[in-house]
Protein chains: 2
Amino acid sequence: MNKEEQVIMGFRDLYNKIVWLNKDKMEESLKGFKSSEVHCIEYIEKNVDSNVTKLAEYFYMTRGAISKLTKKLIKKGLIESYQKSDNKKEIYFRLTEQGKVIYKIHEDLHKEFQERDKAVFDKITEEQFDSMLSFVEKYSKHLDQEIKKMDIDNKSE
Amino acid sequence: MNKEEQVIMGFRDLYNKIVWLNKDKMEESLKGFKSSEVHCIEYIEKNVDSNVTKLAEYFYMTRGAISKLTKKLIKKGLIESYQKSDNKKEIYFRLTEQGKVIYKIHEDLHKEFQERDKAVFDKITEEQFDSMLSFVEKYSKHLDQEIKKMDIDNKSE
DNA sequence: ATTATTTTGTTTCCTTGTCAACAAAATAAT
DNA sequence: ATTATTTTGTTGACAAGGAAACAAAATAAT
């Protein structure tokens, strides 16, 4: 296995581990709430005027899936929808008071995760951080171009 | 957002992009086969005596899900199961000739992906590679310990 | 201004994966 | 040797998410 593969596979495995471990811890603390619901709440709080489409793009999910998820969150009383007077099509979301409680608990949990992993990050130099960030940025931009290419291909079919 | 978050979020987004883009390309080339099926085939070919449990651990999925997936692959004639004379419990998998054809196509596709992303990796120095790999390794080991801790907690409940 | 295209959100059907319970075999404990 | 525990794979009920078709609104094209 060459280094490119090692990096990709390494990050894949690392990412899966983080997701798996945090998901478990989260559903342990926030009983009754799925990690997908909590992440949705997190995004809505951090991004004003978020709607189904933006959530779907961010989470790499279909609009259909997000539509169902947000409906469930409304039913649970964690978020509410609103519209703007000059647009009768787009539907935005914001947290309810109850939703903000969940958000706060999640925030604390997040800090707990950071504390848990502090030892690892403390050993990383500023140069290493910047090097990794630059790699991520370059690769990400490259893939964006490839995705754009694919969209064009699909349209011309 | 601090650098730790930037790195984690950056890799999360990068990983999602790669998965999303490659999945699309893969299901375009290997029509009739889902990316999950192909990945399963890939693992079976690369790891002798792979069974349901090992596959589940590798893919961070439940044994139930893998059990269904492998049954489907057997039905499709891509893999076959076998046992060893000294163990009547464990069931292993290997590829059929037809499965090897799919594996080969996937390999070629993989090379195509590497070629596609070559430009990005060419700009990475040996030091950057090693720095990233060392980070991944350290973080991964740290999480393994945390996962082990959690297992103990769950057992003592 | 009218028509065509795109965007946005929803719903239905279907696939995939989880969860929990289970049986059979292997291993550990006594 | 016998019993208890753990490991392994399977199943059925259920939930989450994707694909495609759809209507309504917004935007672009003419």
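Everything numeric here is computed off the predicted structure, so don't read it as measured data. Order of the sequence lines sets the chain letters (A, B, ...), proteins ahead of strands, with each chain counted from 1.
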Task: Given A:K75, A:K71, A:K72, A:K23, the one that forms salt bridge (charged side-chain N to carboxylate O under 4.0 Å, His left out) with A:E37 - done: A:K72
- [ ] Measure centre to centre between the rings of B:Y15 and A:F11, then say whether the value is under 6.0 Å.
- [x] no
Open item on the list: Using ring centroids (six-membered ring only for Trp), state whether B:F129 and A:F135 fall under 6.0 Å.
Closed with: no
Under 4.0 Å between a side-chain N/O of [X] and OP1 or OP2 of [N], yes or no?
| X | N | result |
| --- | --- | --- |
| A:K34 | D:dA15 | no |
| A:K89 | C:dG9 | no |
| A:S36 | D:dA16 | no |
| B:N87 | C:dA25 | no |
| A:T53 | C:dT7 | no |
| B:K68 | C:dT18 | no |

What is the distance, to the nearest angstrom, from the [atom1] atom on [X] to the [atom2] atom on [N]?
| X | N | atom1 | atom2 | answer |
| --- | --- | --- | --- | --- |
| B:K72 | D:dT11 | NZ | C1' | 17 Å |
| A:K23 | C:dG17 | NZ | C1' | 10 Å |
| A:I91 | C:dT7 | CD1 | P | 18 Å |
| A:L73 | C:dT10 | CG | C1' | 16 Å |
| B:K31 | D:dA19 | NZ | P | 13 Å |
| A:L69 | D:dA15 | CG | C1' | 12 Å |
| B:R63 | C:dA23 | CZ | C1' | 13 Å |
| B:E90 | C:dT27 | CD | C1' | 12 Å |

Task: Cation over ring face, A:K84 and A:Y92, 6.0 Å, 45° - done: yes
Open item on the list: In this structure, which stretches of DNA chain C are paired as stems of three or more consecutive Watson-Crick or G-U pairs, both distances less than 3.5 Å?
Closed with: C:1-30 with D:1-30
Open item on the list: Tell me whether the rings of B:Y139 and A:F121 are parallel (<30°), tilted (30 to 60°) or perpendicular (>60°).
Closed with: perpendicular
Task: Backbone of B:T125 reached by a side-chain donor or acceptor of B:Q128 within 3.5 Å - done: yes
Open item on the list: Applying a 4.0 Å non-hydrogen cut-off, can you work out what B:A65 is touching in the nucleic acid: base, sugar-phosphate, or nothing?
Closed with: base
Task: Nearest to side-chain heavy atoms of B:V52, which nucleotide of D:dG9, D:dA26, C:dC19 - done: D:dG9
Open item on the list: Run B:E90 and B:T53 through side chain to side chain contact (heavy atoms under 4.5 Å, CB included) and show every step you take.
Closed with: CA-CA 9 Å; B:E90 297 183 358; B:T53 301; over 6 Å; no
